[in-house]
Amino acid sequence: MPPPHSKRRVVAPRSAMRRLAVIVGPLLVVGLWWFMSASGGEARSYYLPPPPAVVAAAVQGFADGSLLEGALATLAHFLGGFTAAVAIGLAAGLALGRFEAVGTALQPVLNFLRTLPGIAILPVLMLLLGLGNATIIATSTFASVWFVLLNTAAGVQEVHPVVLDTGRVFGAQGWRRWVSVVLPSAAPRIATGVRLALGISLVVAVSAEIIMGRAGLGFIIADSMETLRPSAAYAAILTVGVLAWIVFQVGEFLEAKVLPWANRSDVRRA
Amino acid sequence: MVEPAVRISQGSKFFGEICAFRSINLQVPEGQFLAVVGASGSGKTTVLRCVAGLERLSGGSIVAAGRPVTRPDPSRTYVFQDYGRSLFPWRRVAANVSFPQEMRGKGRRVARERALGYLELVGLRERADAYPWQLSGGMQQRVAIARALAAEPSMLLMDEPFGAVDAQTRMELQLALLRIWMELRKTVIFVTHDIDEALFLSDRIVVIDSRGQGLAMDEPVDLPRPRSHAETPRYDLYSEMRASVLRLLLREEGSEAPHAPTTQ
Ligand SMILES: Nc1ncnc2c1ncn2[C@@H]1O[C@H](COP(=O)(O)OP(=O)(O)OP(=O)(O)O)[C@@H](O)[C@H]1O
Ligand SMILES: [Mg+2]
């Protein structure tokens, strides 16, 4: 991601227009929502409550602590799944990149597992691990770990020969070779895997909550619908959206901090 | 007898069936600036990589500073043609230059201090905190040279280091390299396919025979130093040597075609 100043520079000439658009767009969507809700009779306004009802439910949910609690539970599930996916994916990916023959042998299986919708494993894990948090976290990890793993292995294998030769010429050996040459060289590719894992582990954590959770925003969505409180469900859905947005912002921020050089094509030549 | 910086004896290298070079005998004295020229595919890069220890010989031996070359050593550093790839994009300029010292276990601060010194030498000290990809091609290659020097090697191996820059920048880089070489007096083995570059820079030119028959030519370049792009080419010796190297390269090419008409 480009440093903040270059972003601003790109936006600058039409900033007034843009600022207006940024406000008008969402307003239009909310307006359309409201119109749809109001124009479809009682049944529709039940399943698609008008914005004020949802806002009221959200206020209520935050006031009694249930939404915040749910958000924290979801955050914990997601972070558990994501962190495990990154740790396992990195370790296994490095090993696979190191022993290329193993990587080649496992490639088809790994590619299959990557394309497999991870949530499909949930019923199996429910049997294995029970109906607790462990199952949600494990499902989330299972769904996202392949992206980190495959990208790490590929990143390690694709280090350019000139980079490796340069390391050798200047005496990078053993662990130094890994830490100072191979890993940084593979880092942008690894970051791609981590970014994918970030989105998927969150989606799958919420999905698992909807199906079998006893806490978390996914659980609140499912529970509110079952107990005939659609406004509360919508409030939880919006909260999921906000949570995801925050998670991605933090992710982008960290990436820019850790790999300031990785997206260098958008950086102007100094 | 003074031990040469490098001695290649009956050196040969095969990649499977393909012969990269064969029957190379070469001694490079300490502090010499040697230019290696030859047709494309004659094995220049491979010879240099073998001297660096990046490749093992198939036959014969290479001895550097009295020890057989079996793997890379920071006493022989390499400047790659592909500077864009060879500089690490994740390290800033100074950190690229301090890399060799860091790999030897020097602390970051000490390594950086020295790196700044070498950046000064190539005239890029004020760009120490830029990323390499923010610099022009010529600047990048100067950073690569600074990095190669920062390892404090006794020998610099350069493979067409200025092949990818424009003519103007190339001349500036040649002058900068000569200035540094005059100051530090390291042994340099400089591979190029540009005869003028070879003549302008070196103490001695060797031409690798592209039919695998060792060195087709090995001559001293007794042109006065310091050299200049305006004056040096005006010496008779310059044009004579230029013609003979050129003839050699062209004759070699001609001899590969069975019915090539004889020139001259
Ligand atoms: N890693 C390799 N594997 C197989 N063959 C190789 C390898 N490296 C070089 N060769 C072969 O060895 C021969 C000499 O190659 P080399 O790169 O040393 O030539 P060169 O003189 O540097 O040519 P150029 O001027 O084009 O750079 C060529 O036929 C090349 O195909
Ligand atoms: Mg070459």
Side-chain angles (χ1 to χ4, degrees), chain A residues 1-7 9 90 94 97 151-152 155-194 254-270, chain B residues 45 48-49 51-55 71-93 95-106 108 111 126-127 129-137 139-140 144 147-153 155-157 159:
Chain A
M1 164 224 133
H5 64 268
S6 76
K7 213 178 208 174
R9 198 187 300 151
L90 255 180
L94 288 178
N151 279 289
T152 302
V156 166
Q157 273 163 19
E158 287 165 9
V159 178
H160 198 278
V162 170
V163 172
L164 293 177
D165 281 345
T166 303
R168 286 179 69 202
V169 161
F170 295 112
Q173 285 170 355
W175 66 269
R176 279 215 172 93
R177 188 178 96 93
W178 279 88
V179 172
S180 304
V181 180
V182 176
L183 266 180
S185 197
R189 188 74 197 256
I190 296 173
T192 302
V194 170
L254 289 180
E255 192 184 343
K257 271 265 173 280
V258 180
L259 306 176
W261 50 274
N263 242 344
R264 55 191 189 274
S265 54
D266 352 12
V267 181
R268 284 280 199 78
R269 280 189 159 201
Chain B
T45 296
L48 206 64
R49 289 176 62 84
V51 173
L54 287 167
E55 237 36 279
R71 58 190 163 103
D73 187 280
S75 67
R76 301 180 301 273
T77 54
Y78 204 99
V79 178
F80 294 86
Q81 172 169 14
D82 197 353
Y83 50 79
R85 284 233 165 73
S86 176
L87 292 176
F88 297 141
W90 59 88
R91 283 175 172 254
R92 292 172 194 273
V93 164
N96 261 287
V97 178
S98 64
F99 182 77
Q101 292 293 339
E102 279 177 40
M103 290 305 106
R104 279 190 210 168
K106 288 274 186 318
R108 288 219 169 180
E126 68 286 7
R127 305 309 299 269
D129 292 316
Y131 281 102
W133 34 269
Q134 294 174 319
L135 304 184
S136 71
M139 287 171 166
Q140 288 180 27
R147 178 176 63 183
L149 293 171
E152 311 203 313
M155 191 187 312
L156 218 50
L157 307 170
D159 186 8

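Fair warning: this is a prediction, and the values are worked out from it, not measured in the lab. By convention in this document, chain letters (A, B, ...) are assigned in the order of the sequence lines, proteins followed by strands, and residues within each chain are numbered from 1.
Taking 4.5 Å as the limit, some side-chain heavy atom of Phe170(A) sits within range of a side-chain heavy atom of Thr77(B). Looking at Phe99(B) and Val181(A), their side chains come closer than 4.5 Å, going by heavy atoms from C-beta outward. Put simply, the side chain of Ser180(A) does not reach to within 4.5 Å of the side chain of Glu102(B), judged on heavy atoms. The closest side-chain heavy-atom distance from Pro260(A) to Tyr131(B) is below 4.5 Å. No side-chain heavy atom of Phe88(B) sits under 4.5 Å from any side-chain heavy atom of Ser185(A).
Looking at Phe80(B), the atoms closer than 4.5 Å to chain A (heavy atoms on both sides) all sit in the side chain, from C-beta outward. Proximity to chain A (any heavy atom under 4.5 Å) is shown, for Gln101(B), by neither the backbone nor the side chain. When heavy atoms are compared at a cutoff of 4.5 Å, Arg147(B) approaches chain A by way of both its backbone and its side chain.
Closest of all the heavy-atom pairs between Arg76(B) and Val169(A) is O-CG1, 4.2 Å. Shortest non-hydrogen contact noted between Arg176(A) and Gly105(B) is NH2-CA, 3.5 Å. Considering all non-hydrogen atoms of both residues, Gly171(A) and Met103(B) come closest at O-CB, 3.9 Å. The two residues Arg85(B) and Val163(A) have their closest heavy-atom pair at O-CG2, 3.5 Å.
Shown here is Arg108(B), whose CZ atom has no more than 12 heavy atoms of other residues, nucleotides or ligands within 6.0 Å.
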